[in-house]
Chemist: 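Sending over a structure as structure tokens; questions will come in a sec.
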2 protein chains.
Amino acid sequence: MDTRERLIESTRELLWERGYVGTSPKAIQQRSGAGQGSMYHHFHGKPDLALAAITRNAEELRERARAAFDGPGTVAERVTAYLRRERDALKGCPVGRLTQDPDVMADPELRAPIEETFAWLTGTLSALLAQGRADGELHPSLDPAATAAALVAVVQGGYVLARAAGSPDVYAQAIEGALALIHFQQKDNH
Amino acid sequence: MDTRERLIESTRELLWERGYVGTSPKAIQQRSGAGQGSMYHHFHGKPDLALAAITRNAEELRERARAAFDGPGTVAERVTAYLRRERDALKGCPVGRLTQDPDVMADPELRAPIEETFAWLTGTLSALLAQGRADGELHPSLDPAATAAALVAVVQGGYVLARAAGSPDVYAQAIEGALALIHFQQKDNH
DNA sequence: GTCTATAAATTGATAGAC
DNA sequence: GTCTATCAATTTATAGAC
């Protein structure tokens, strides 16, 4: 891995662990093993490097979500697979956590990949649920957009609960609780 | 309001807006109108002042939740009132946001009020749901602890979605989607 | 491309006058 | 109780040698 790549990877990790405000150029340099001058040769500064790292975090999140959504099985099975997918609950979401960072949200360039990621995620999940409803698998009363928003919110909020409790168990519990949203709207479960 | 009080209130606001890492003593002094020496006279330092502010934020959160949980109506009505209560979705949760702050979570004293608040919140909501189930209002298949965790998570995650989208609408949508969890488990809705 | 030197500003605090 | 002065460390760079 070359220096530029190590800088991006180190920044990705630090943004995940400490956020944008909590991540200093010095810390990035130390973790990546790159010197001061090296970092400023490859990137214009902290915001430029952060943009590269955030963009990559966002792309990876989408890839993993797409893998579950496009997987085998019924709509309910695919949504369940997405929700039950293994996640490091105590680390939280590398994209979602940046929404709490005022300096990230204040910069339109840094904010864009985050906004797009969640718009894509809720939109794609909503379309999947709508398809399940159209196919007769899910009950006609199901609101695809509202349910999609609720399910994505449970994942994001589950991280908050897990970190507050210092245990991933609450995260798993929230996910299982939310699965009732799908379970009860499957036509054969009434 | 005396100086000590203004320091706590200013710190509360700044922790909410910018988190612990993003809040400097200088910013606290400027917002509160207190001088350097004044702040260090009333508090031992940033962690000491933050503890006072976090504790108060946690207490207020509990008070507001208690008001909804202890309100009039059936269990389903009270839970719905809690979830639909007006919140500034773009500002997020003053307690939940601190779970993303590594320096807060690393300090047992700062972390304790956050852990306790969410333990109390999910526990109290779970007990309320269990009561609704025992009274025959909610379906026996409802899992009180898992449903409580999911509902609290939707609120916390709804903030993330709202901030990502730059609009409170997604928050409201997630809440409405989650209400189906209660709606479908009311015995007369089958 | 990487390194060291330098620097202005900020951070988190202490000291001591008033 | 509040103020100003001071301070070591860190932050976020820039400059220029190699």
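All values derive from a computational prediction rather than experimental measurement. In what follows, chains carry the letters A, B, and so on, assigned in the order in which the sequence lines appear, proteins first and then strands, with residues in each chain numbered from 1.
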Chemist: Where along residues 98-107 of chain A does a heavy atom come under 4.0 Å from DNA chain C, residue by residue in number order?
Modeler: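 Contacts with DNA chain C under 4.0 Å: none.
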Chemist: Could you pull out all residues at least two apart from A/E109 that satisfy salt bridge (Lys or Arg N to Asp or Glu O under 4.0 Å)?
Modeler: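 For A/E109 there are no salt bridge (Lys or Arg N to Asp or Glu O under 4.0 Å) partners, ignoring immediate neighbours.
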Chemist: I need the CD-C1' distance between A/Q36 and D/dT14, as an integer number of Å.
Modeler: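 Rounding to the nearest Å, CD of A/Q36 and C1' of D/dT14 are 10 Å apart.
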Chemist: Could you work out, with side chain to side chain donor-acceptor pair (under 3.5 Å) as the rule, every residue matching A/R111, not counting sequence neighbours?
Modeler: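 By the side chain to side chain donor-acceptor pair (under 3.5 Å) rule, A/R111 matches A/E115.
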Chemist: Check each residue of residues 37-56 of chain A for a non-hydrogen atom within less than 4.0 Å of any atom in DNA chain C, then write out the ones that pass by number, or none.
Modeler: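 Contacts with DNA chain C under 4.0 Å: A/G37, A/S38, A/H41, A/H42.
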Chemist: If you compare every side-chain N and O of B/T3 against the phosphate oxygens of D/dT2 (OP1, OP2), does one of them come in below 4.0 Å?
Modeler: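 Yes, within the criterion.
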Chemist: Does any residue of residues 11-29 of chain A have a heavy atom under 4.0 Å from DNA chain D, and if so, which ones, in number order?
Modeler: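 Close to the strand are A/S24, A/P25, A/K26.
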Chemist: How does the hydrophobic cluster around B/V21 look, that is, which other residues are in it when side-chain heavy atoms under 4.5 Å mark a link?
Modeler: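 The other cluster members (ILVMFWY side chains, heavy atoms under 4.5 Å, direct or chained) are A/V21.
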Chemist: Mind jotting down which residue pairs meet the ring pair (Phe, Tyr, Trp, His ring centres under 6.0 Å) criterion with at least one end in residues 74-110 of chain B? Sequence neighbours excluded, please.
Modeler: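 Those involving residues 74-110 of chain B are B/F69-B/Y82.
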Chemist: Partners of B/R56 by side chain to side chain donor-acceptor pair (under 3.5 Å), sequence neighbours excluded?
Modeler: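 Result, side chain to side chain donor-acceptor pair (under 3.5 Å) vs B/R56: B/E5, B/E9.
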Chemist: Output every pair passing salt bridge (Lys or Arg N to Asp or Glu O under 4.0 Å) with a member in residues 16-31 of chain A, not counting sequence neighbours, ordered by first then second residue.
Modeler: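 Every salt bridge (Lys or Arg N to Asp or Glu O under 4.0 Å) pair that includes a residue of residues 16-31 of chain A, provided the two are not neighbours, is A/E13-A/R31, A/E17-A/R31, A/R18-B/D103.
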Chemist: If the condition is salt bridge (Lys or Arg N to Asp or Glu O under 4.0 Å), which residues does B/E86 pass it with, not counting sequence neighbours?
Modeler: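 Partners of B/E86 under the salt bridge (Lys or Arg N to Asp or Glu O under 4.0 Å) test: none.
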Chemist: By side chain to side chain contact (heavy atoms under 4.5 Å, CB included), which residues pair with A/D88, not counting sequence neighbours?
Modeler: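 With neighbours one apart ignored, the set is A/L90, A/K91.
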Chemist: How close or far is atom C1' of C/dA9 from atom CD of B/Q30, stated in whole angstroms?
Modeler: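 After rounding, the gap between these two atoms is 13 Å.
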Chemist: Donor-acceptor pairs under 3.5 Å, side chain of residues 38-45 of chain B to any protein atom, not counting sequence neighbours: which ones?
Modeler:
none

Chemist: So that I can tick it off, tell me whether B/R64 and B/E60 are bridged by a salt bridge, with the cut-off set at under 4.0 angstrom between side-chain N and carboxylate O.
Modeler: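 Yes, this pair counts.
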